[in-house]
**Student:** 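Before we start, here is the structure in question, set down as structure tokens.
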Amino acid sequence: MQIIIADNSGFCFGVKRSVDLANQALDSTKEKYTVGPLIHNPQLVGKLEEEGLKVITKEEALNIKDSLILIRAHGESADFKKALIENGNEILDATCPVLTNIYKKIMEKEEEGYQVIIIGDRNHPEIKAMDSYLKDGIIITNETEAKNIRCKKPIYVVSQTTNRSDFYYNVANILKDNNDSVVIDNTICNATKLRQDSAKDLAKDVDCMIVVGGFNSSNTNKLYDVASLYNNNVFRIETVKDLPLQKLSEFKKIGIIAGASTPDEIIEEVVSKMDEFTKEDFMNSLEDSMKKIYPKDIVTGTVIDVKEDEVFVDIQYRADGIIKLDEMTEEERENPKEHFEVGSVLDVYVIKLDDGEGNVSLSTRRVLGMKSWKELLEKYENDEIVEGHVTGFNKGGLTAEVNGIQGFIPASQVATYFVKNFKKFVGETWDLKIVSIDERKNRLVLSRKDVLEGELEERWEELEEGQVVEGEVARLTDFGAFVEVNGLDGLLHVSDIAWSRVEVPSDVLNVGDKIEVKILKLNKEKNRISLGRKQLLDKPFDSFVNSHEVGDVVKGKVVNLLDFGAFVEVADGVEGLVHVSEISWDHVEKPSDELNVGDEIEVKIISIDKEEEKVGLSIKQLEEAPERPERKPRRENRANNNQNRPRRKAERSQSQNFSSDADLNNNLGNLLEQALLGAGETDLIGEESEVDGVIDDIEASENVEEHEEVSETEINTEEAAESIAEEEASEADEEIE
């Protein structure tokens with residue numbers, strides 16, 4: 001006969017903790033009580049009672065004073081514990097840490113507005129204690145009750161810790177189907193799950209199963225149910241006396257599993273009895289049931305106790321494991337109670353099997369490092385991408401955490417373009433490539449650039465001219481903004497940011513802004529992308545010309561002054577030109593003589609060129625043109641008199657010259673006189689010249705009565721006289737020749 005003991009069998013850490021506290025209570029000189037049976041095992045409870053730990057009811061406990069009272073693993077309400085303390089009693093709380101955690105969860109959810117529903121046996125002390133922490137909890141025991149639940153509030157569902165997982169989820173999913181918002185939390189104890197999984201696996205592999213535990217033990221009953229699903233020959237016993245030895249003799253392969261409340265001595269007694277069939281086979285089975293571990297192994301364990309400077313872990317070995325403070329990670333070391341939770345499962349590194357006090361020495365610090373380095377080395381050899389979180393920066397580049405290991409990204413490997421400001425990347429998570437790795441030197445070099453370059457080809461293919469995409473402003477310059485589009489850098493020139501005048505990009509954009517841009521031009525060979533933002537905005541000029549026409553008077557602001565005119569902004573993004581000649585009816589040398597940048601003025605629209613998108617403006621046309629004073633009339637027959645007047649020609653000798661200023665002045669005077677007195681079609685003085693005024697004075701002295709009208713066009717007298725003199729001098733030279 002072959003006997004196989006399940007991998008997970010007997011006391012769970014919660015029950016073991018209760019028994020340890022019970023043994024501690026026996027040392028007290030006070031009267032000692034436990035509220036209800038400590039565990040669902042009458043043999044152990046009876047033994048403890050013989051040694052002085054009396055079992056009482058809750059009602060009896062409320063009348064006990066100045067004694068030591070042990071709260072069992074199933075727990076009690078906070079009000080009940082408070083009443084015991086007020087009676088001067090000392091409390092030893094053996095409530096399972098898994099239940100304590102459930103109390104906390106359900107109270108928080110009820111406070112948040114959830115309707116808490118507990119799936120389990122409403123008569124079980126665990127469920128009664130759990131429900132006592134709620135103001136309006138609901139307990140359901142089966143699928144039929146679940147179908148009747150209709151709740152307007154969101155529902156939060158928890159389970160009795162000893163439920164079968166398939167039963168729990170069947171009931172919980174019915175709630176989910178019939179209600180709008182349901183959160184299902186698996187609160188089944190991990191120890192219970194492990195034992196149920198072991199029962200299932202073992203039941204499949206043996207001829208018959210023996211389930212050992214108290215008949216009133218919920219978790220033992222669940223083990224029996226699980227085993228019965230996979231094996232037709234399952235026997236439920238509480239002690240060795242219940243063994244059906246005659247039936248067992250028919251099977252060659254027998255499996256044994258014990259509930260979480262079953263003491264080791266009962267298991268050993270059962271096995272010992274069966275040992276009469278084959279002692280050697282039993283010893284082999286017992287040895288096989290224990291996990292074999294060695295130093296430097298990484299094993300999985302369950303946290304069973306947390307103290308200020310150490311954590312105890314059940315690693316399913318003959319001795320518990322212990323994690324000292326110096327073998328924790330830096331974060332765990334700061335506050336072990338915050339990072340370790342009783343009942344949580346974790347991986348630990350085995351330092352040595354005996355630390356001198358009978359415990360297995362464990363480490364979380366070493367396991368984290370070993371696993372991480374091993375994984376990273378495998379990824380490096382397979383040329384795989386890793387995910388890193390940027391944690392800091394320095395002049396040389398960035399630091400990043402990958403799998404708990406600090407790596408370095410050199411400045412040249414941060415991006416495909418030059419990066420000046422590294423600080424902006426801190427906090428981001430990137431895909432990275434491992435450039436080099438050396439565990440002994442604790443050195444890990446990473447690259448983001450290699451990843452980006454590998455993606456460039458695909459990214460270029462995804463872009464096309466005219467496409468509208470979202471980008472992020474990466475950096476700003478005086479001439480434009482560099483925008484990251486699909487992982488590539490594009491230039492948004494300052495002239496393409498907006499239709500209105502933008503002096504510098506920082507007036508409109510900030511680094512990190514998410515903006516929509518249009519791809520104007522792509523040059524893959526030169527790795528250049530030209531972008532536009534104003535192309536996606538309404539064109540101000542079109543809106544302006546649709547609502548204005550020539551002759552309209554509008555208000556504007558002077559935005560620029562040049563020698564030839566002033567530019568006036570008449571609408572957002574629309575500027576018109578006031579030519580210097582349109583500023584005033586008076587002569588204006590420079591626009592800046594009359595206007596200043598920033599002046600608010602009214603202007604008249606005098607022209608609109610839709611093709612060239614130009615607007616002509618005028619300030620002076622807002623006023624009427626001033627009247628010019630009437631000029632003195634000239635003699636009407638001055639022209640005829642001039643024609644009849646003989647031309648005087650200068651007589652020059654070949655020896656005559658203009659060697660002196662006096663001679664030059666005399667000759668110019670003669671020429672001017674001839675010009676003034678000359679007649680005929682060759683007269684050099686036009687009728688519309690200011691020299692007419694001079695002629696009028698001369699003719700007045702000669703009593704000439706007829707006048708001509710003075711022309712509206714005026715010329716400078718000095719310039720006219722100088723021109724006449726030059727022409728007369730030329731004619732004189734011709735005559736001399």
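Computed from heavy atoms alone, side chains included, the values below leave out hydrogens, waters and symmetry copies. The chain is numbered in sequence order, starting from 1.
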**Student:** Apply side-chain contact (heavy atoms from CB on, under 4.5 Å) to Ile210 and Val212, showing your working.
**Tutor:** CA-CA 6 Å; Ile210 299 175; Val212 185; 4.0 Å; yes
**Student:** Do Ile85 and Ile91 touch side chain to side chain, with heavy atoms closer than 4.5 Å?
**Tutor:**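 Yes, their side chains come closer than 4.5 Å.
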**Student:** Report yes or no: do Arg236 and Asn221 form a side-chain donor-acceptor pair below 3.5 Å?
**Tutor:** yes
**Student:** Cut-off 3.5 Å, side chains only: do Trp373 and Glu375 have a donor facing an acceptor?
**Tutor:**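 Side-chain D/A pair, Trp373 to Glu375: absent.
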**Student:** Taking atom CG of Leu84 and atom NZ of Lys65, what is their separation to the nearest 0.5 Å?
**Tutor:**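 Reported value, rounded in 0.5 Å steps: 12.5 Å.
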**Student:** Val306 and Val303: which non-hydrogen atoms are nearest, and at how many Å?
**Tutor:**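 So the minimum-distance heavy-atom pair works out to CG2-CG1, 3.6 Å.
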**Student:** Does any non-hydrogen side-chain atom of Val311 lie less than 4.5 Å from one of Asp305?
**Tutor:**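 Of all side-chain heavy-atom pairs linking Val311 with Asp305, none is under 4.5 Å.
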**Student:** Check whether any side-chain N or O of Lys32 sits under 3.5 Å from a backbone N or O of Lys30 as a donor-acceptor pair, and report yes or no.
**Tutor:**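 Checked: pair present.
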**Student:** What's the separation between atom OH in Tyr168 and atom CG in Asn173, rounded to the nearest 0.5 Å?
**Tutor:**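 Going from OH on Tyr168 over to CG on Asn173, the span is 9.5 Å.
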**Student:** Measure the CD1-CD1 distance between Ile118 and Ile106 for me, rounded to the nearest 0.5 Å.
**Tutor:**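 If we round to the nearest 0.5 Å, Ile118:CD1 and Ile106:CD1 are 5.0 Å apart.
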**Student:** Could you tell me whether Lys58 sits above the aromatic face of Phe80, with NZ or CZ closer than 6.0 angstrom to the six-membered ring centre and within 45 degrees of the axis?
**Tutor:**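 That pair qualifies as a cation-pi contact.
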**Student:** Between Asp513 (side chain) and Asn510 (backbone), is there a donor-acceptor pair under 3.5 Å?
**Tutor:** yes
**Student:** Closest approach of Gly120 and Thr141, non-hydrogen atoms and distance?
**Tutor:**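 So the minimum-distance heavy-atom pair works out to O-CG2, 3.0 Å.
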**Student:** Do Ile149 and Ile138 have side chains that approach each other closer than 4.5 Å (heavy atoms only, starting at C-beta)?
**Tutor:** yes
**Student:** Supply the atom-to-atom distance Ser18 OG to Arg72 CZ, rounded to the nearest 0.5 angstrom.
**Tutor:**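 Spacing of OG (Ser18) from CZ (Arg72) equals 10.5 Å.
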**Student:** Using modelled atom types and a 3.5 Å cut-off, is there a donor and acceptor pairing between side-chain atoms of Asn89 and backbone atoms of Ser67?
**Tutor:** yes
**Student:** Heavy-atom distance under 4.5 Å between the side chains of Leu362 and Tyr349, does that happen here?
**Tutor:**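 A side-chain contact under 4.5 Å is absent here.
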**Student:** Distance-only, no hydrogens or angles: does the Asn179 side chain make a donor-acceptor pair with backbone N or O of Ser181 under 3.5 Å?
**Tutor:** no
**Student:** Is it the case that the side chain of Asn421 and the backbone of Lys423 share a donor-acceptor pair, with hydrogens and angles ignored and the cut-off at 3.5 Å?
**Tutor:**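 Confirmed, Asn421 side chain pairs with Lys423 backbone.
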**Student:** Are Glu472 and Lys514 close enough for a salt bridge, meaning some N to O gap below 4.0 Å?
**Tutor:** yes
**Student:** Are the side chains of Ile188 and Phe167 in touch, meaning some heavy atoms are under 4.5 Å apart?
**Tutor:**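 They are not in side-chain contact.
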**Student:** Should Lys54 and Glu31 count as an ion pair when the cut-off is N to O under 4.0 Å?
**Tutor:** yes
**Student:** Around atom NZ of Lys81, are there more than 12 heavy atoms from other residues, nucleotides or ligands closer than 6.0 Å?
**Tutor:** yes
**Student:** What pairs of donor and acceptor atoms, side-chain ones from residues 321-333 against any protein atom, are under 3.5 angstrom apart with sequence neighbours left out?
**Tutor:**
residue	atom	partner	partner atom	Å
Lys324	NZ	Glu310	OE1	3.0
Glu327	OE1	Ser363	OG	2.7
Glu327	OE1	Arg365	NH2	3.3
Glu327	OE1	Arg366	NE	3.1
Glu327	OE2	Arg365	NH2	3.4
Glu327	OE2	Arg366	NH2	3.0
Thr329	OG1	Glu332	N	3.3
Thr329	OG1	Glu332	OE1	3.3
Glu332	OE1	Thr329	N	3.0
Glu332	OE1	Thr364	OG1	2.6
Arg333	NE	Leu325	O	3.3
Arg333	NH2	Met328	O	2.7

**Student:** In the structure I gave you, are the side-chain heavy atoms of Glu86 and Lys82 within less than 4.5 Å of one another anywhere?
**Tutor:** yes
**Student:** Indicate yes or no: at least one non-hydrogen side-chain atom of Leu92 is less than 4.5 angstrom from one of Ile69.
**Tutor:**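 In short, these two side chains do not touch, never coming nearer than 4.5 Å.
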**Student:** Could you tell me which non-hydrogen atom of Tyr33 sits nearest to which non-hydrogen atom of Ile64, and how far apart they are?
**Tutor:**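 Between these two residues, the closest heavy atoms are CE1-CG2, 3.8 Å.
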**Student:** List the atom of Leu99, the atom of Ala73, and the distance in Å for their closest heavy-atom pair.
**Tutor:**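 Distance-wise, the nearest heavy atoms are CD1-O, 3.3 Å.
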**Student:** Ignoring hydrogens and angles, tell me if any N or O in the side chain of Ser28 forms a donor-acceptor pair with the backbone of Leu26 under 3.5 Å.
**Tutor:** no
**Student:** Of the non-hydrogen atoms in Arg17 and Pro97, which two are nearest, and what is the gap between them?
**Tutor:** NH1-CD, 4.0 Å
**Student:** Looking at Glu516 and Arg533, does any basic side-chain N land under 4.0 Å from a carboxylate oxygen?
**Tutor:**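 No.
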**Student:** Do Glu341 and Asn101 have side-chain atoms, one donor and one acceptor, less than 3.5 Å apart?
**Tutor:** yes
**Student:** Under 3.5 Å, side chain of Asp431 to main-chain N/O of Arg448, donor-acceptor pair present?
**Tutor:**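 No, Asp431 side chain to Arg448 backbone: no donor-acceptor pair under 3.5 Å.
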**Student:** Is the number of heavy atoms from other residues, nucleotides or ligands within 6.0 Å of NZ (Lys204) greater than 12?
**Tutor:**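 Atom NZ in Lys204 is packed in, count exceeds 12.
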**Student:** Would you call the rings of Tyr103 and Tyr133 parallel, tilted or perpendicular, taking 30° and 60° as the class edges?
**Tutor:**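 Plane angle under 30°, so parallel.
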**Student:** Around Asp180, counting heavy atoms of other residues, nucleotides and ligands shown, do more than 12 lie under 6.0 Å from its CG?
**Tutor:** no
**Student:** Check for a donor-acceptor pair, side chain of Asn403 on one end and backbone N or O of Ile405 on the other, with a separation under 3.5 Å.
**Tutor:**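 Between the backbone of Ile405 and the side chain of Asn403 there is no qualifying donor-acceptor contact (under 3.5 Å).
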**Student:** Taking it one step at a time, do Glu145 and Arg122 satisfy salt bridge (charged side-chain N to carboxylate O under 4.0 Å, His left out)?
**Tutor:** CA-CA 12 Å; Glu145 293 179 3; Arg122 57 173 53 90; 3.3 Å; yes
**Student:** Before you tell me yes or no, could you show the steps for Asp320 and Ile315 under side-chain contact (heavy atoms from CB on, under 4.5 Å), namely the whole-Å CA-CA distance, both residues' side-chain angles and the distance that decides it to 0.1 Å?
**Tutor:** CA-CA 6 Å; Asp320 290 334; Ile315 55 174; over 6 Å; no
**Student:** Considering residues, nucleotides and ligands other than Glu112, do more than 12 of their heavy atoms fall under 6.0 Å from its CD?
**Tutor:** yes
**Student:** Where do Asp131 and Lys128 land on the side-chain contact (heavy atoms from CB on, under 4.5 Å) test, with the steps shown first?
**Tutor:** CA-CA 5 Å; Asp131 185 53; Lys128 290 182 178 179; 5.9 Å; no
**Student:** To the nearest 0.5 angstrom, please state how far the CD1 atom of Ile257 sits from the CZ atom of Arg195.
**Tutor:** 8.0 Å
**Student:** Sequence neighbours left out, what passes side chain to side chain donor-acceptor pair (under 3.5 Å) with Thr399? Give chain and number order.
**Tutor:**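 By the side chain to side chain donor-acceptor pair (under 3.5 Å) rule, Thr399 matches Thr391.
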**Student:** List in chain and number order the residues that pass side chain to side chain donor-acceptor pair (under 3.5 Å) with Thr95, two or more places apart in sequence or in another chain; answer none if no residue qualifies.
**Tutor:**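 Residues passing side chain to side chain donor-acceptor pair (under 3.5 Å) with Thr95: Asp93.
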**Student:** Where the side chain of Lys379 meets the backbone of Lys433, is there a donor-acceptor pair that is under 3.5 Å apart?
**Tutor:**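 Between the backbone of Lys433 and the side chain of Lys379 there is no qualifying donor-acceptor contact (under 3.5 Å).
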**Student:** Can you see whether Asp314 engages Thr302 through a side-chain donor-acceptor pair at a distance of less than 3.5 angstrom?
**Tutor:** no
**Student:** Answer yes or no: is there a donor N or O on one side and an acceptor on the other, between the side chain of Glu110 and the main chain of Asp136, under 3.5 Å?
**Tutor:**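 A pair under 3.5 Å: yes.
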**Student:** Can you find a heavy atom in the side chain of Val211 that is under 4.5 Å from one in the side chain of Thr220?
**Tutor:**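 The answer is yes; the side chains approach within 4.5 Å.
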**Student:** Hey, what do you get for CG (Asp225) to NZ (Lys222), rounding to the nearest 0.5 Å?
**Tutor:**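 Interatomic distance, Asp225 CG to Lys222 NZ, rounded to 0.5 Å: 7.0 Å.
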**Student:** Are Glu126 and Thr161 close enough that a side-chain donor and a side-chain acceptor fall under 3.5 Å?
**Tutor:**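 Side chains of Glu126 and Thr161: pair found under 3.5 Å.
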**Student:** Provide the closest heavy-atom pair for Met107 versus Leu134 in the form atom of the first, atom of the second, distance.
**Tutor:**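 Heavy atoms only, the tightest pair is N-CD2, 4.5 Å.
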